[in-house]
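Beneath this line is the structure, given in structure tokens, with notes to follow.
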Amino acid sequence: GISANVMYFNMAAQDIVVVVTPEPTSITDAYALMKVLCTKYDEKHFKVIMNNVAHAKEAKEAFRRLHLVAERFLNVSIDYLGFILHDTSFSQAVRQQKALLDIYPSSVAAPGFRTLAQQLLTTPEAAYPKGGIQFFWQRLLARQKPHAPQHAGR
């Protein structure tokens with residue numbers, strides 16, 4: 001959705017990661033989100049994860065369609081982070097209220113999550129906040145970091 005809360009959290013985020021399925025409605029919704037963030041909040045860079053795909057080729061084709069439209073009409077850059085395969089274990093994990101990788105580490109989708117996690121962990125962090133609300137959160141969180149213990153008598 002494109003509620004005020006969604007916009008607020010996207011503005012507070014250093015990186016915006018849009019999770020999209022290959023269905024036309026999902027691609028349309030992802031484009032609409034990027035359009036609002038671009039036109040109203042001047043966001044120009046997005047990362048995309050393709051979810052619930054049958055295979056890598058379907059993921060890349062759906063991403064290509066989104067990328068072409070967004071690049072042409074919005075003039076934004078979109079990075080492809082990867083994909084998660086369709087997996088019936090998802091609904092079972094949801095019913096059990098457990099993380100998929102915890103209860104089904106050998107599931108069809110598990111390698112995709114591991115690859116995405118590794119990619120996100122190795123992506124360099126931006127040196128500075130983009131501005132606005134990010135400066136506020138950076139200052140607030142910096143105040144919350146634990147300080148080294150003070151020694152008595154010094």
Side-chain angles (χ1 to χ4, degrees), residues 1-91 93-95 97-102 104 107-145:
I2 308 178
S3 68
N5 285 344
V6 171
M7 293 300 117
Y8 176 81
F9 283 113
N10 276 283
M11 292 300 87
Q14 186 66 39
D15 293 307
I16 298 172
V17 178
V18 183
V19 180
V20 187
T21 67
E23 287 85 29
T25 53
S26 180
I27 293 170
T28 300
D29 287 348
Y31 175 82
L33 174 67
M34 288 187 270
K35 182 177 180 178
V36 169
L37 289 169
C38 176
T39 58
K40 290 189 177 182
Y41 301 97
D42 202 35
E43 286 294 332
K44 299 292 184 192
H45 189 79
F46 302 91
K47 296 178 181 181
V48 171
I49 297 171
M50 296 306 301
N51 190 27
N52 201 26
V53 298
H55 44 74
K57 187 176 178 182
E58 180 184 43
K60 288 183 180 180
E61 176 56 28
F63 173 78
R64 186 188 67 76
R65 290 192 315 264
L66 176 61
H67 182 263
L68 287 173
V69 172
E71 190 175 64
R72 180 175 180 191
F73 295 109
L74 300 179
N75 194 29
V76 297
S77 69
I78 305 175
D79 294 335
Y80 179 69
L81 290 180
F83 65 94
I84 302 295
L85 292 173
H86 172 77
D87 191 338
T88 56
S89 299
F90 273 116
S91 57
V94 169
R95 280 194 289 275
Q97 298 181 351
K98 304 278 184 185
L100 179 80
L101 291 177
D102 285 345
Y104 300 112
S107 66
V108 172
F113 280 112
R114 289 187 189 98
T115 300
L116 285 170
Q118 185 62 39
Q119 187 170 349
L120 290 170
L121 288 172
T122 58
T123 301
E125 190 174 317
Y128 301 101
K130 292 182 287 186
I133 193 70
Q134 288 184 7
F135 286 115
F136 167 76
W137 282 108
Q138 184 183 48
R139 286 193 305 266
L140 180 67
L141 293 173
R143 287 188 212 142
Q144 301 300 318
K145 288 184 181 176

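Predicted model, so just to flag it, every value in this text is computed and none were measured.
- Distance check, rounded to the nearest 0.5 Å: CG of Leu68 to CZ of Phe73 gives 10.0 Å.
- Heavy atoms only, all atoms of each residue included: Ala62 and Met50 are closest at CB-CE, 3.4 Å.
- The stretch residues 17-28 participates, sequence neighbours left out, in these side chain to side chain donor-acceptor pair (under 3.5 Å) pairs: Thr21-Glu23, Thr21-Ser26.
- Residues meeting the ring pair (Phe, Tyr, Trp, His ring centres under 6.0 Å) test with Phe90, sequence neighbours left out: Phe113.
- Between the CG atom in Leu74 and the CZ atom in Phe46 there is a gap of 7.5 Å [rounded to 0.5 Å].
- In terms of heavy atoms, Arg65 sits closest to Pro22 at NH2-O, 3.4 Å.
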Without placing hydrogens or testing angles, list every side-chain donor-acceptor pair under 3.5 Å for residues 33-40, not counting sequence neighbours.
{"from": "Thr39", "atom 1": "OG1", "to": "Lys35", "atom 2": "O", "distance (Å)": "2.8"}

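- Arg64 pairs by the side chain to side chain donor-acceptor pair (under 3.5 Å) definition with Glu61, not counting sequence neighbours.
- Scored by the side chain to side chain donor-acceptor pair (under 3.5 Å) test, Glu71 finds no partners at all (sequence neighbours excluded).
- For Arg72, the side chain to side chain contact (heavy atoms under 4.5 Å, CB included) test picks out no residue, with sequence neighbours left out.
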Compile the donor-acceptor pairs under 3.5 Å between side chains in residues 75-89 and protein atoms, sequence neighbours left out, one pair per line.
{"from": "Ser77", "atom 1": "OG", "to": "Lys44", "atom 2": "O", "distance (Å)": "3.4"}
{"from": "Ser77", "atom 1": "OG", "to": "His45", "atom 2": "ND1", "distance (Å)": "2.5"}
{"from": "Asp79", "atom 1": "OD2", "to": "His45", "atom 2": "NE2", "distance (Å)": "2.8"}
{"from": "His86", "atom 1": "ND1", "to": "Asn52", "atom 2": "OD1", "distance (Å)": "2.6"}
{"from": "Asp87", "atom 1": "OD1", "to": "Ser89", "atom 2": "N", "distance (Å)": "2.8"}
{"from": "Asp87", "atom 1": "OD1", "to": "Ser89", "atom 2": "OG", "distance (Å)": "3.0"}
{"from": "Asp87", "atom 1": "OD2", "to": "Ser107", "atom 2": "OG", "distance (Å)": "3.3"}
{"from": "Asp87", "atom 1": "OD2", "to": "Val108", "atom 2": "N", "distance (Å)": "3.0"}
{"from": "Asp87", "atom 1": "OD2", "to": "Ala109", "atom 2": "N", "distance (Å)": "2.8"}

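- For the atom pair Asn10 CG and Glu43 CD, the distance stands at 7.5 Å (nearest 0.5 Å).
- Under the rule for a side chain to side chain donor-acceptor pair (under 3.5 Å), Tyr31 has no partner lying at least two apart in sequence or in another chain.
- Residues His67 and Val48 fail the side-chain proximity criterion, which asks for heavy atoms closer than 4.5 Å.
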